[in-house]
Structure formats: structure tokens, C-alpha cells
Amino acid sequence: MRRSSPSPLLVRSIPALWTFALGLWGLSRQDSVWRDEAATWQVARRSTAETVHMLANVDVVHGLYYLLMHGLFDLFGPGTTVLRLPSVVAMAVAASCVAALGHRLAGPWAGLGGGLALGLLPAVQFYLQEGRPYALVAAGAGISTLLLVTLLEGRGRAVHWVAYGGTVALCGLLNWLSLMILPAHLVTLLWTRAGRDTGKRWTAAAVAAVACVLPLVLFSRSQSAQVSWIPPLTWHMLIGPAILLAIGGLGALLDRPDADGPHADGTQADGPHADGPRADGTRTDQPRPDRPRGRRLSAAAVGLPLLAVPQIGLVGLSLIQPLFLDRYVLFSLLGLALLIGVAIGAAVEAVARRRPRAAPWVLPVVMAVAVAALLPQALAKRSPASRVDDVLTAAGDIRRMKRPGDAVLFIPAARRDTRLVSPDAFAGLRDIALARSPEESGTLKGEEARPGRIRAAMLAQRRILLVTDAPGVARPPATERERAKTSVLRNHFRAVADEQARGRRVTIYERRTAAR
């Protein structure tokens with residue numbers, strides 16, 4: 001069995017390369033960028049001063065990520081590859097961390113299986129190619145969990161505790177909901193009955209991390225209107241987390257840690273050779289009074305809390321304020337992948353007991369079946385239709401349909417992201433509703449004029465290009481400005497051309513009097 005087991009280097013590197021390859025596959029998504037990524041794109045193109053000015057008004061929770069992407073856009077220029085490659089690299093790091101955890105806690109096949117499984121999870125494949133910070137948080141969660149396991153194994157030093165607290169704090173600055181990894185790690189400490197000194201050091205690191213993130217948490221509460229669109233929690237929203245917990249629970253039941261492995265306090269477990277006389281005549285069946293005995297670290301003790309606690313915690317927070325979005329706890333899927341790896345490792349061991357030569361083929365067969373079953377999902381996640389809309393397609397329609405002297409209008413104003421991502425496509429067009437630019441106003445969409453001024457500006461135009469949502473995703477006008485725009489177009493203009501593609505719509509309107 002040991003001869004056919006993969007080496008530690010392969011266990012860590014193969015899942016990282018596999019996940020990286022999955023991320024590069026169809027990375028441009030047919031040259032499409034949707035509205036969430038458009039926010040990253042347009043903010044990353046601003047100067048640092050303009051970004052800081054905006055964060056005082058909106059999106060402060062993503063401030064660190066925006067500054068990171070600003071640096072990358074400055075170095076390499078804007079593009080879909082630069083926008084998404086950090087997420088690909090981060091998720092590859094997360095897969096390597098899962099593999100390392102599985103290898104340490106449940107054996108090489110469990111590590112290899114868990115690391116490979118992470119990249120195949122549908123939610124991971126979605127955010128693997130997303131120009132947002134959630135994959136980076138997952139990488140940080142993997143690194144911090146690996147550091148914690150190293151410390152619980154008794155192999156860490158003070159620098160490891162500093163690295164642990166710093167990693168948790170960095171994840172919190174990318175998305176402060178990632179701080180829910182701390183109660184997950186606390187459950188692991190309690191599960192393994194970690195020593196008192198370990199508990200004190202963990203508490204100090206956790207408090208330091210929370211203290212670093214707390215100002216961001218408090219300040220972001222003043223911008224809570226940004227998440228007001230999230231619907232209240234309903235029973236059917238709990239189906240997905242329940243399925244994930246059921247799969248993770250099954251993997252935890254299959255976890256059978258070796259009896260002679262290390263305890264969470266660094267002592268040795270009660271294995272078949274743990275008791276009895278030593279070479280010096282002493283016996284090991286009585287624990288030393290200064291080394292309290294803990295339970296052995298296991299994949300279940302690490303993976304199940306990492307999966308369950310953030311999911312349950314997000315449900316609890318959503319009962320207070322609607323926040324239930326799977327991307328906020330994407331990092332919890334590292335626990336699910338680890339437990340799936342445990343199940344794969346158990347399958348390899350079961351086959352090895354009966355047919356040792358067949359054992360190395362278990363994982364390839366499982367992966368082949370999983371890839372075939374999830375191929376439709378993988379293809380769907382890499383298509384523009386997997387997202388609500390496509391900013392770049394609408395910009396291409398504008399470039400083709402515009403004429404010199406035309407005006408442009410956006411309903412709702414947030415659809416101005418089309419111009420902010422592709423300003424060249426709008427060259428020569430007048431944004432007649434805009435009073436202050438997004439950079440000047442410190443906002444994502446700019447500040448528009450009063451409804452009366454917008455109406456007067458529209459009536460002075462002969463042709464207006466309207467950028468809005470396609471009928472399938474469009475909402476009724478929600479503000480007085482939107483109703484004023486819609487009313488003028490309906491009463492004084494007529495549509496002469498219309499293009500709808502990938503969730504966005506570009507319509508050309510001409511004045512009726514001018515046409516006659």
C-alpha cells in the first residue's frame with residue numbers, strides 16, 4: 001500500500017496544477033464581463049486617491065481588494081485575464097492547502113482526493129473565474145487552517161502564531177464575514193481538547209485579528225444599504241447548505257484516524273505501542289501530569305467545523321439582516337473538499353485490503369466519473385449566460401450603433417458601468433443625465449441631475465442611445481429619475497433600433513417631431 005501511495009510533493013502540487021488548469025479553461029468566458037466584475041474593473045482603473053475617496057461613500061468592504069487590483073491593472077493593463085487570474089491562483093493555493101491537510105490528517109490518498117475535489121465543486125468553479133475577492137479569502141482560509149493544524153501538532157513556533165493571526169486579519173479585510181473561520185477553529189480546538197497554553201495563544205491571535213478588522217466592520221455598517229437588495233432568508237434557501245452538511249457529515253463518519261498519531265497538545269495517542277515499558281524501564285500508560293492528554297487531530301475535527309460553522313453562522317446572521325449569499329462563505333467549501341477526500345481515502349483503503357494492485361486506480365476512476373457528471377455544470381459556468389449580464393457586449397453594440405452627436409442614457413444609473421469599463425466605445429457620446437462623474441462624486445455610478453433637468457436635456461436631443469437591462473432581468477423604474485427618463489422616451493421618442501444580448505439591451509430612440 002505504501003509503495004503505491006503518492007509522495008507528499010505530488011499530493012500538494014497535483015491539486016494546485018489541476019485547479020489552475022480548470023481556472024485557465026475558458027478564462028475569458030467568451031470575452032464577457034458582468035456587473036460585479038465591472039465594479040472591480042472600473043474602480044481598479046481609478047487612481048489611489050479616487051479609490052480612497054469612493055471607499056468613504058461606498059464599497060469599503062472591498063477596499064483592500066480594489067487597491068490590489070489597481071496595482072495589477074497598473075502593471076499589466078486592464079483585461080479579463082488580469083481581472084480573473086488572481087482568483088485562479090488563489091484557488092489553486094486553496095486546493096494545495098486542502099491536499100496538505102488531508103495528507104497530514106487522513107493519509108496521502110485523502111489529501112490528493114480532497115485537493116482534486118475542491119476544483120470540481122460547482123460553486124468553486126463559478127468563483128474560480130470571478131474578478132472578486134472570494135477566491136482570495138478561500139486561499140487565506142486554507143493557509144490559516146494549515147497553520148492551525150501545524151500548531152496543534154506541536155510543530156509550530158511563535159512565528160506561526162503571528163502568521164496565523166495575520167492571515168485571518170488579511171482575510172477579514174478582504175471580506176469581514178470570513179472572520180467566521182475563528183469560531184470554526186475554536187470548535188476544532190474544543191473537539192481535540194487542545195492544551196491550555198495552546199488555547200491562550202489562539203485567543204491572543206484571534207483577538208488581534210478581530211481588532212485589526214473591527215474598524216472596517218463598524219465603518220461598513222454605515223454602508224449597509226448596499227446589501228439591501230439581498231432577499232430575506234426562506235426555507236428553500238436552506239436546502240443547499242443542508243445538502244452540503246449531509247455530504248460533509250458522511251465524510252466525517254468515514255474518518256478513522258490512526259490510533260498512534262499525535263494529540264492536539266503534541267503528545268502521543270494511545271496506539272498499540274503507546275503503552276508498556278520503554279527502554280529505560282518506565283511505562284507510558286500513565287499520562288504525565290504536566291502534559292494533559294487531548295484527542296487526536298483528525299480530518300473530521302478540522303473539516304466538519306470549517307464546513308458547518310460558517311454556513312450555520314451565516315444563517316444566523318441572515319435572521320438579523322438578510323445576508324445569505326453562498327459567496328460570503330465560499331471558504332467553507334474547503335472543509336467539504338477535505339471530507340470528500342476522507343471518503344475517497346477510505347475507498348482506496350477498502351480496495352487495498354482486497355485487491356492491493358487495484359487501489360491506485362480508485363482515485364482516477366472516481367475523478368473520471370465526477371468530471372463526466374459535472375461537465376455540463378463546468379461548461380455552463382464558463383459561458384456568459386452563467387451571469388446576469390455582460391457589460392462588454394453592450395459596449396460593442398454602442399460602438400456599432402452610435403453616430404456623431406448622439407446622446408446616451410442609462411436606466412438604471414448603475415448601467416453606466418458599461419461606459420466606465422469601455423470608455424472608448426462611448427467616445428463622442430454625451431451622457432446627458434450625468435451631473436458629477438463617478439470619480440468626482442466618489443461613487444460607483446456617478447450623480448445624476450434632477451429629473452426636471454434630465455427631461456429638458458432629453459427633449460433637446462434628436463437621437464438617444466439607451467443602455468438598460470434585457471426584459472428578462474429588467475425591473476420597473478424605481479426612482480423619480482428613472483420614471484422621468486422612461487416617460488420622456490415613451491411620449492416624445494420612438495425606438496428605431498434595438499439590440500439585446502447577454503442580459504443587456506441597447507435601444508436607439510429618435511424624436512418623433514424630427515422624424516416627421
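Predicted model only: the values in this text are computed from it and were never measured.
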**OP:** Might you work through the side chain to side chain donor-acceptor pair (under 3.5 Å) test for T150 and R155, ending with a clear yes or no?
**Re:** CA-CA 6 Å; T150 299; R155 297 192 291 170; 4.8 Å; no
Subject >> Side chain to side chain, T48 and H70, heavy atoms closer than 4.5 Å >> reply: yes
**OP:** Look at atom CD of Q226 and say whether more than 12 heavy atoms of other residues, nucleotides or ligands are closer to it than 6.0 Å.
**Re:** yes
Subject >> Heavy-atom check, side chain of L55 versus side chain of F219, under 4.5 Å >> reply: no
**OP:** Check G442 against V58 and note the closest heavy-atom contact, atom names and distance.
**Re:** O-CG1, 4.1 Å
Subject >> H185: ring-ring contact (aromatic ring centres under 6.0 Å, His included) partners, not counting sequence neighbours >> reply: Y164
Subject >> Pairing residues for E440 by the salt bridge (Lys or Arg N to Asp or Glu O under 4.0 Å) criterion, not counting sequence neighbours >> reply: R436
Original post:
In terms of heavy-atom contacts, does NZ of K402 have more than 12 from other residues, nucleotides or ligands at under 6.0 Å?
Top reply: yes
Subject >> Heavy-atom check, side chain of P471 versus side chain of Q500, under 4.5 Å >> reply: yes
Which side-chain N or O atoms in residues 328-336 pair as donor and acceptor under 3.5 Å with protein atoms at least two apart or in another chain?
| residue | atom | partner | partner atom | Å |
| --- | --- | --- | --- | --- |
| S332 | OG | Q311 | NE2 | 3.0 |
| S332 | OG | V329 | O | 2.7 |

Subject >> Separation of L233 CG from L323 CG (nearest 0.5 Å) >> reply: 10.5 Å
**OP:** Report the residues that fulfil side-chain contact (heavy atoms from CB on, under 4.5 Å) with A206, sequence neighbours left out, ordered by chain and then residue number.
**Re:** L182, W202
Original post:
How far does OG of S96 sit from CD1 of I14, to the nearest 0.5 angstrom?
Top reply: 11.0 Å
Original post:
Side chains of V33 and T80: closer than 4.5 Å at any heavy-atom pair?
Top reply: yes
Original post:
Can you name the residues that form a side-chain contact (heavy atoms from CB on, under 4.5 Å) with E448, not counting sequence neighbours?
Top reply: A413, R416, A433, I454, R481, K485
Original post:
Side-chain contact, heavy-atom cut-off 4.5 Å: L146 with R104?
Top reply: yes
**OP:** Measure the CG-CD distance between L379 and Q125 for me, rounded to the nearest 0.5 Å.
**Re:** 9.0 Å
Subject >> side-chain contact (heavy atoms from CB on, under 4.5 Å) partners for L64, two or more places apart >> reply: L170, L173, L174
Original post:
To the nearest 0.5 Å, how far apart are CG in L128 and CH2 in W25?
Top reply: 11.0 Å
Subject >> Pair listing, salt bridge (charged side-chain N to carboxylate O under 4.0 Å, His left out) test, anchored in residues 78-89, at least two apart >> reply: E37-R84
Original post:
About how many Å separate CG of D389 and OG1 of T468, when rounded to the nearest 0.5 Å?
Top reply: 10.5 Å
Original post:
Are any non-hydrogen side-chain atoms of M458 and I464 less than 4.5 angstrom apart?
Top reply: yes
Subject >> R504: which of V388, V391, D390 passes side chain to side chain contact (heavy atoms under 4.5 Å, CB included) >> reply: V391
**OP:** Could you walk me through whether S87 and R132 pass the side chain to side chain donor-acceptor pair (under 3.5 Å) test, one step at a time?
**Re:** CA-CA 7 Å; S87 293; R132 300 298 278 174; over 6 Å; no
Which donor-acceptor pairs under 3.5 Å do side chains of residues 235-248 form with protein atoms, sequence neighbours excluded?
| residue | atom | partner | partner atom | Å |
| --- | --- | --- | --- | --- |
| H236 | ND1 | T234 | OG1 | 2.8 |

**OP:** Compare all side-chain heavy atoms of P438 with those of R46 and state whether any distance is below 4.5 angstrom.
**Re:** yes
Subject >> Side chains of S47 and E439 in contact at under 4.5 Å (non-hydrogen atoms) >> reply: no
Original post:
Ion pair present between R419 and D431, side-chain N to carboxylate O less than 4.0 angstrom?
Top reply: yes
**OP:** Not counting sequence neighbours, which residues clear salt bridge (Lys or Arg N to Asp or Glu O under 4.0 Å) with R12? List them please.
**Re:** none
Original post:
Around atom CZ of R327, are there more than 12 heavy atoms of other residues, nucleotides or ligands at under 6.0 Å?
Top reply: yes
Subject >> Residues which pass salt bridge (Lys or Arg N to Asp or Glu O under 4.0 Å) with R505, listed by chain and number, not counting sequence neighbours >> reply: D498
Original post:
Can you list every salt bridge (charged side-chain N to carboxylate O under 4.0 Å, His left out) pair that touches residues 201-223, not counting sequence neighbours?
Top reply: none
Subject >> Residues forming a side-chain contact (heavy atoms from CB on, under 4.5 Å) with V207, sequence neighbours excluded >> reply: T203
**OP:** Go through the steps for D417 and K445 under the test salt bridge (charged side-chain N to carboxylate O under 4.0 Å, His left out), then give the verdict.
**Re:** CA-CA 7 Å; D417 57 4; K445 58 187 179 182; over 6 Å; no
Original post:
To the nearest 0.5 Å, what is the distance between CD (E130) and CG (L136)?
Top reply: 12.5 Å
**OP:** Name the orientation class of the two ring planes belonging to Y134 and H62 (parallel below 30°, tilted from 30 to 60°, perpendicular beyond 60°).
**Re:** perpendicular
